[in-house]
S.K.: 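There's a structure below that I have some questions on.
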Amino acid sequence: MSNLISKKIRGFRDILPSEANKFIFIENIINKMMLSYNAEQVRLPALESLNLFKRSIGETSDIVTKEMYSFDDRNGDTLCMIPEGTASCLRLALENNLIYDRGPKKKRLYYIAPMFRHERPQKGRYRQFTQFGVEFYGDQSYHDDIDLLLFISNLFINLDINDIKLHLNTIGCNNDRQRYSSKLIEYFSRYENHFTDEQKKTLSKNPLRLLDTKDPSLQDIVSSAPSIDDFINKNAKQNFDLIKNELSNLNIAFVHDTKLVRGLDYYNDLVFEWKTSRLGSQDAVCAGGRYDQLSSIIGDKEIPAVGFAMGLDRVVELFEDKNTFINIGLANISKKNHSIHKLVQYIRDLDCDFKLKIMDKNKTLTKQIKQADKEQCELLIIVGDNEISNNRLTVKHLRAEQKDRNVSLAEIKDIILESS
Ligand code: ATP
Ligand code: MG
């Protein structure tokens with residue numbers, strides 16, 4: 001098409017039916033599973049105040065310094081397209097009194113929403129992408145951490161996605177990280193001539209972020225850096241051991257990755273990422289952790305929380321399409337111009353999953369059969385004048401070696417189920 005008045009904007013993408021179908025399939029599984037975890041869906045607004053993210057993710061984070069779509073609106077308010085859901089969901093929960101009632105209230109929320117980041121577009125990295133996020137509020141015990149990881153693990157099992165591994169770490173409390181930061185500054189300063197001006201700034205403001213760098217030239221320096229493990233307080237370590245033990249009991253494989261610190265400011269104790277080797281450098285599929293202080297930064301209440309966000313575009317990329325429903329064709333060869341709307345409605349109302357494709361009535365039966373075959377139909381339901389007067393249908397099997405059958409309306413459902 002050369003005469004379109006405009007084409008899509010760089011970094012944004014059109015999701016066509018074959019991919020949208022995978023989103024639908026995955027979202028259906030998510031919605032069903034979330035019920036059994038007692039989590040409820042919320043819908044986040046696409047715009048928030050820019051301050052919400054500056055205060056929560058951190059002024060020096062990549063997202064806030066480089067990736068925000070922010071602007072002043074007509075009232076002069078500084079807004080942004082949401083780059084992530086955790087801060088936004090917590091803002092929603094606090095503002096609507098969902099998680100506090102004279103004390104922290106337990107609540108589990110989830111969202112599936114578009115996020116916006118001005119990043120360098122490449123496969124698996126878009127400027128608008130969909131995150132599925134889950135947040136468990138009000139419980140500080142490691143059992144919520146486990147339940148969350150169990151959910152993610154089961155979701156991947158249900159989606160039959162195997163090449164994926166859980167990496168986890170503990171980043172302890174503020175105090176631990178401060179002591180570790182000083183040590184990191186001391187270490188990285190020895191290599192300062194390898195750093196860009198921006199990396200030098202990160203080093204002075206938040207050296208932990210350098211561990212998260214994607215710059216290949218720093219990988220050796222980062223891998224020899226001191227480990228956060230030596231700075232973690234005893235309680236956090238014990239708690240982390242409990243988590244690891246329980247994961248082993250549950251047969252959830254994991255790697256203790258002492259370099260995993262996450263690029264956002266609000267985490268404490270448990271942090272995790274699920275990584276795959278199948279998506280090149282866009283290897284992070286899901287990331288999260290505990291963030292017990294975020295609610296006192298955003299609001300004035302202390303409400304412990306743990307959550308994650310999963311990049312659904314990347315999950316869709318990993319997901320192998322399984323034909324989840326069959327195609328059924330309907331050929332109308334009635335000469336008397338009978339209306340078949342009632343019959344079509346009857347078939348559509350059968351309680352089973354299929355896609356009904358109505359063939360082109362102006363074609364001969366032979367051509368309609370060819371059309372159904374081309375459109376990957378499993379069955380072709382043929383309706384002619386005889387069928388209409390007798391309330392019967394002719395069914396042709398296009399993929400299986402079976403004779404055509406003349407059946408009553410009541411029988412059609414079983415035939416569809418047999419072929420599914
Ligand atoms: P990455 O390391 O790939 O930049 P991130 O640490 O910035 O990821 P998070 O902010 O933790 O990502 O977001 C959670 C998940 O959202 C990621 O694990 C990834 O699957 C997905 N995601 C993040 N940014 C993008 C993007 N630009 N395009 C597509 N998916 C993304
Ligand atoms: Mg990123």
Side-chain angles (χ1 to χ4, degrees), residues 9-13 15 19 22-23 26 30 44 53 56-58 60-69 80-90 110-135 148-149 152 155-156 159 161 163-169 171 198 202 206 208-216 218-219 222 257 259-267 270-291 294 306-319:
I9 303 165
R10 184 169 136 82
F12 289 75
R13 69 195 191 107
I15 297 180
E19 201 182 352
K22 294 190 187 180
F23 273 93
I26 294 168
I30 288 173
L44 305 173
F53 298 103
S56 55
I57 306 173
T60 59
S61 63
D62 277 359
I63 294 183
V64 170
T65 53
K66 295 190 282 199
E67 299 172 359
M68 285 294 218
Y69 278 96
C80 68
M81 310 284 288
I82 58 171
E84 63 109 49
T86 299
S88 201
C89 191
L90 183 55
Y110 76 101
Y111 54 85
I112 298 173
M115 301 295 158
F116 304 85
R117 297 184 193 176
H118 195 278
E119 300 196 70
R120 197 169 68 78
Q122 47 199 295
K123 196 166 168 52
R125 191 173 293 286
Y126 310 105
R127 291 180 171 175
Q128 176 182 341
F129 56 100
T130 300
Q131 272 189 351
F132 157 48
V134 180
E135 318 289 351
L148 196 71
L149 293 170
I152 302 167
L155 176 61
F156 289 134
L159 295 175
I161 295 177
D163 308 337
I164 195 151
K165 191 134 203 197
L166 168 61
H167 292 238
L168 44 81
N169 194 17
I171 56 169
E198 200 170 332
T202 310
N206 193 340
L208 264 75
R209 286 232 168 82
L210 286 175
L211 299 178
D212 215 31
T213 178
K214 294 200 171 55
D215 182 348
L218 290 186
Q219 293 312 320
V222 165
D257 180 350
K259 291 282 164 0
L260 181 68
V261 292
R262 306 283 303 124
L264 316 177
D265 270 356
Y266 49 61
Y267 290 112
L270 177 72
V271 290
F272 59 85
E273 256 179 35
W274 296 72
K275 290 187 183 181
T276 175
S277 50
R278 268 175 55 201
L279 298 180
S281 51
Q282 271 46 265
D283 62 351
V285 176
C286 167
R290 191 157 264 292
Y291 52 95
L294 185 58
V306 60
F308 71 82
M310 187 178 282
L312 282 195
D313 305 72
R314 294 183 191 173
V315 175
V316 161
E317 188 68 31
L318 290 173
F319 179 68

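All ligand and atom numbering here is 1-based and tracks the order in the structure.
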S.K.: Backbone, side chain, both or neither: what part of Q131 comes under 4.0 angstrom of ligand 1, heavy atoms only?
M.R.: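 Contact part for Q131 vs ligand 1: side chain (C-beta onward).
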S.K.: Kindly compute the distance separating CZ (F132) from CZ (F23), expressed to the nearest 0.5 Å.
M.R.: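 Going from CZ on F132 over to CZ on F23, the span is 13.5 Å.
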S.K.: Closer than 4.0 Å to some heavy atom of A287 - which atoms of ligand 1 meet that?
M.R.: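 Near A287, the atoms of ligand 1 are 11 (O).
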S.K.: Under a 4.0 angstrom heavy-atom cut-off, which atoms of ligand 1 come close to E119?
M.R.: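 Result: 24 (N), 25 (C), 26 (C), 27 (N).
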S.K.: Which pair of non-hydrogen atoms, one from K259 and one from L211, has the smallest distance, and what is that distance?
M.R.: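 Where K259 meets L211 most closely, the heavy atoms are O-CB, 4.0 Å.
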S.K.: Does at least one non-hydrogen atom of R117 fall below 4.0 angstrom from an atom of ligand 1?
M.R.: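 R117: in contact with ligand 1 (<4.0 Å).
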S.K.: Please determine if V285 has a nitrogen or oxygen closer than 3.5 Å to a nitrogen or oxygen of ligand 1.
M.R.: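 Checking ligand 1 against V285, an N or O pair does fall under 3.5 Å apart.
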S.K.: Give the numbers and elements of all ligand 1 atoms closer than 4.0 Å to a heavy atom of G124.
M.R.: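 Per the distance check, 28 (N), 29 (C), 30 (N).
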S.K.: Could you tell me if any non-hydrogen atom of R262 lies under 4.0 Å from any atom of ligand 1?
M.R.: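 Yes.
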S.K.: Just to verify, which of K165, H167, R262 counts as forming a side-chain hydrogen bond (donor to acceptor under 3.5 Å, both in side chains) with E273?
M.R.: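 Exactly one pass, corresponding to R262.
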S.K.: Would you compute the distance between atom OG1 of T202 and atom CZ of R209 and round it to the nearest 0.5 angstrom?
M.R.: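 Those atoms lie 7.5 Å apart.
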S.K.: Rounded to the nearest 0.5 Å, what separation is found between the CD1 atom of I15 and the CG atom of D313?
M.R.: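 Spacing of CD1 (I15) from CG (D313) equals 5.5 Å.
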S.K.: When you compare the side chain of E198 with that of K66, does any pair of heavy atoms fall below 4.5 Å?
M.R.: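 Yes, side chains in contact.
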S.K.: Measure the spacing between CZ of R127 and NE2 of H118 and express it to the nearest 0.5 Å.
M.R.: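 Going from the CZ atom of R127 to the NE2 atom of H118 covers 3.5 Å.
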S.K.: Closer than 4.0 angstrom: is that true for some heavy atom of K214 and an atom of ligand 1?
M.R.: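 Checking ligand 1 against K214, which is what was asked, there is a heavy-atom contact under 4.0 Å.
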S.K.: Is it the case that ligand 1 has an N or O less than 3.5 angstrom from some N or O of A284?
M.R.: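 Yes, A284 has an N/O under 3.5 Å of an N/O on ligand 1.
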S.K.: Below the 3.5 angstrom mark, is there an N/O of R125, backbone or side chain, next to an N/O of ligand 1?
M.R.: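 In this structure, R125 places an N or O atom under 3.5 Å from an N or O of ligand 1.
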